[in-house]
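First the structure, in the form of structure tokens, and then the observations on it.
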Amino acid sequence: MGRDNQTWVSEFILLGLSSDWDTQVSLFVLFLVMYMVTLLGNCLIVLLIRLDSRLHTPMYFFLTNLSLVDVSYATSIVPQLLAHFLIEHKAIPFQSCAAQLFFSLALGGIEFVLLAVMAYDRYVAVCDPLRYSAIMHGVLCARLAVTSWVSGSINSFVHTTITFQLPMCTNKFIDHISCEILAVVRLACVDTSSNEVAIMVSSILLLMTPFCLVLLSYIRIISAILKIQSTEGRKKAFQTCASHLTVVALCYGMAIFTYIQPHSGPSALQEKLISLFYAILTPMLNPMIYSLRNKEVKGAWHKLLWKFSGLTSTLPT
């Protein structure tokens with residue numbers, strides 16, 4: 001009975017970003033607008049790819065997966081964050097905390113693997129364009145996407161299970177905006193070195209390994225681009241990778257900074273800002289990056305808007 005009393009915590013209290021009411025209201029408005037833009041932007045990207053047959057290619061198949069991951073990741077954190085801005089008792093039930101950690105960790109892992117898959121797709125497109133269709137066929141693309149989702153989910157399931165088996169004693173205050181794994185592990189009243197080793201191992205498998213594959217792909221891509229004789233050809237080849245490279249720089253940088261060194265990692269405030277970056281800013285920026293820097297997507301937008309304007313002009317008044 002004593003062990004049960006020691007380990008069971010019915011709910012956690014998230015300390016969040018601020019205890020000042022005016023600040024919380026301002027943040028609520030700001031993050032609500034950003035969340036709505038995130039939902040709208042990613043859903044429009046998925047819809048556009050679905051409607052325009054010219055975008056039914058491997059690159060945009062993976063982009064659809066990325067948009068779904070971004071929307072899901074934001075939704076796993078932001079609605080609860082918004083609700084806590086408006087209430088005094090910022091509690092989250094034990095089961096909800098475990099579910100939030102599972103989904104956020106799984107979706108983060110899926111995105112890292114997916115970005116490596118997209119880098120491979122760009123490598124084939126630039127370095128072996130004549131065999132691109134033969135190599136990046138539908139079955140391979142589906143397998144790569146499934147691998148991304150399954151690997152991220154398995155990793156998250158393992159970490160969620162071992163994290164919530166830790167005895168939390170009476171400490172239920174999480175100095176974070178969500179149930180982030182490092183913040184939850186710190187609540188344990190036992191030695192957590194094995195958990196930190198597990199975090200390090202998964203960081204190598206699902207963060208550093210995909211990152212190294214991305215680097216390898218882009219080393220080969222840059223080498224191939226430099227061999228192109230014409231300036232216009234080099235520019236066109238680079239433009240096919242620019243959007244993905246921008247997203248890679250955004251996503252991998254802070255994750256490496258956060259998870260590779262749990263002992264000497266960022267402060268609590270830095271961790272909160274990093275979580276906000278992944279939950280709100282990155283999912284909001286990704287559709288803009290792919291829309292503004294991609295001629296095919298911009299062309300598809302113009303085509304869709306032209307069709308829509310033509311349809312509305314024919315409607316009876």
Working to the nearest 0.5 angstrom, can you tell me the gap between [X] [atom1] and [Y] [atom2]?
X      : Y      : atom1 : atom2 : value
Ile174 : Cys179 : CD1   : SG    : 4.0 Å
Ile221 : Leu226 : CD1   : CG    : 12.0 Å
Phe31  : Ser26  : CZ    : OG    : 10.5 Å
Arg131 : Ser133 : CZ    : OG    : 11.5 Å
Asp70  : Thr282 : CG    : OG1   : 7.5 Å
Ile13  : Lys172 : CD1   : NZ    : 5.0 Å

Between Tyr35 and Thr75: side-chain donor-acceptor atoms closer than 3.5 Å:
yes
With a 3.5 Å cut-off and no angle check, do the side chains of Ser193 and Asp191 form a donor-acceptor pair?
yes
With side chain to side chain donor-acceptor pair (under 3.5 Å) as the criterion, how do Tyr123 and Asp128 come out once you've worked through the C-alpha distance, each side chain's angles and the decisive distance to 0.1 Å?
CA-CA 8 Å; Tyr123 159 74; Asp128 201 355; over 6 Å; no
Got [X] and [Y] here, is their nearest side-chain heavy-atom distance under 4.5 Å?
X      : Y      : answer
Leu245 : Val214 : no
Leu115 : Met118 : yes
Val184 : Glu180 : no
Met36  : Met284 : no
Ser67  : Asn286 : no
Arg186 : Ile181 : no
Phe12  : Pro93  : no
Val46  : Asn42  : no

Using the side chain to side chain contact (heavy atoms under 4.5 Å, CB included) rule, take Arg220 and Val126 through it: C-alpha gap first, then chi angles, then the decisive distance, then the call.
CA-CA 9 Å; Arg220 299 291 298 274; Val126 173; over 6 Å; no
Is there a path of hydrophobic side-chain contacts, each under 4.5 Å between heavy atoms, that joins [X] and [Y]?
X      : Y      : result
Phe102 : Val150 : no
Val247 : Ile222 : no
Tyr60  : Met288 : yes
Leu68  : Phe103 : no
Phe61  : Ile289 : yes

For [X] and [Y], which heavy atoms make the closest approach, and how far apart are they?
X      : Y      : answer
Asp121 : Met136 : OD1-CE, 3.7 Å
Phe62  : Ala145 : CE2-N, 4.4 Å
Ser153 : Ile110 : OG-CD1, 4.2 Å
Ser104 : Leu101 : OG-O, 3.2 Å
Gly109 : Leu206 : CA-CD1, 4.5 Å
Leu105 : Ser156 : CB-OG, 3.5 Å

Please determine if Asp175 and Lys272 form a salt bridge, counting it only when a charged side-chain N lies under 4.0 Å from a carboxylate O.
yes
May I ask you to decide if [Y]'s main-chain N or O and [X]'s side chain share a donor-acceptor pair within less than 3.5 Å?
X      : Y      : value
Thr160 : Phe157 : no
Ser217 : Leu213 : yes
His176 : Leu15  : no
Thr23  : Ser19  : no

With sequence neighbours excluded, residues passing disulfide bond (SG atoms under 2.5 Å apart) with Cys251
none
Could you list who else is in Val201's hydrophobic cluster, with ILVMFWY side chains joined at under 4.5 Å, directly or through other members?
Val197, Leu205
Taking the six-membered ring for Trp and the full ring for Phe, Tyr or His, determine whether the centres of Phe94 and Phe164 are under 6.0 Å apart.
yes
Residues passing the ring-ring contact (aromatic ring centres under 6.0 Å, His included) test with Tyr120, sequence neighbours excluded, are none
Determine whether Glu11 and His89 satisfy the following criterion, side chain to side chain contact (heavy atoms under 4.5 Å, CB included), listing intermediate values before the conclusion.
CA-CA 11 Å; Glu11 67 177 17; His89 186 60; 3.3 Å; yes
Given side chain to side chain contact (heavy atoms under 4.5 Å, CB included), test Ser202 with Leu207 step by step and report yes or no.
CA-CA 7 Å; Ser202 68; Leu207 178 57; over 6 Å; no
Atom pairs and distances, side-chain donor-acceptor, residues 77-87, under 3.5 Å, sequence neighbours left out:
from  : atom 1 : to     : atom 2 : distance (Å)
Gln80 : OE1    : Gln100 : NE2    : 2.4
Gln80 : NE2    : His84  : ND1    : 3.4
Gln80 : NE2    : Ile177 : O      : 3.3
His84 : NE2    : Ala91  : O      : 3.2

What pairs meet the ring pair (Phe, Tyr, Trp, His ring centres under 6.0 Å) rule with one or both residues in residues 206-228, with sequence neighbours excluded?
Phe211-Tyr252, Tyr218-His244
Which pairs, with at least one residue in residues 14-76 and sequence neighbours excluded, count as a disulfide (SG to SG under 2.5 Å)?
none
Side chain to side chain contact (heavy atoms under 4.5 Å, CB included) partner of Tyr278, chosen from Leu281, Ile280, Ile274
Ile274
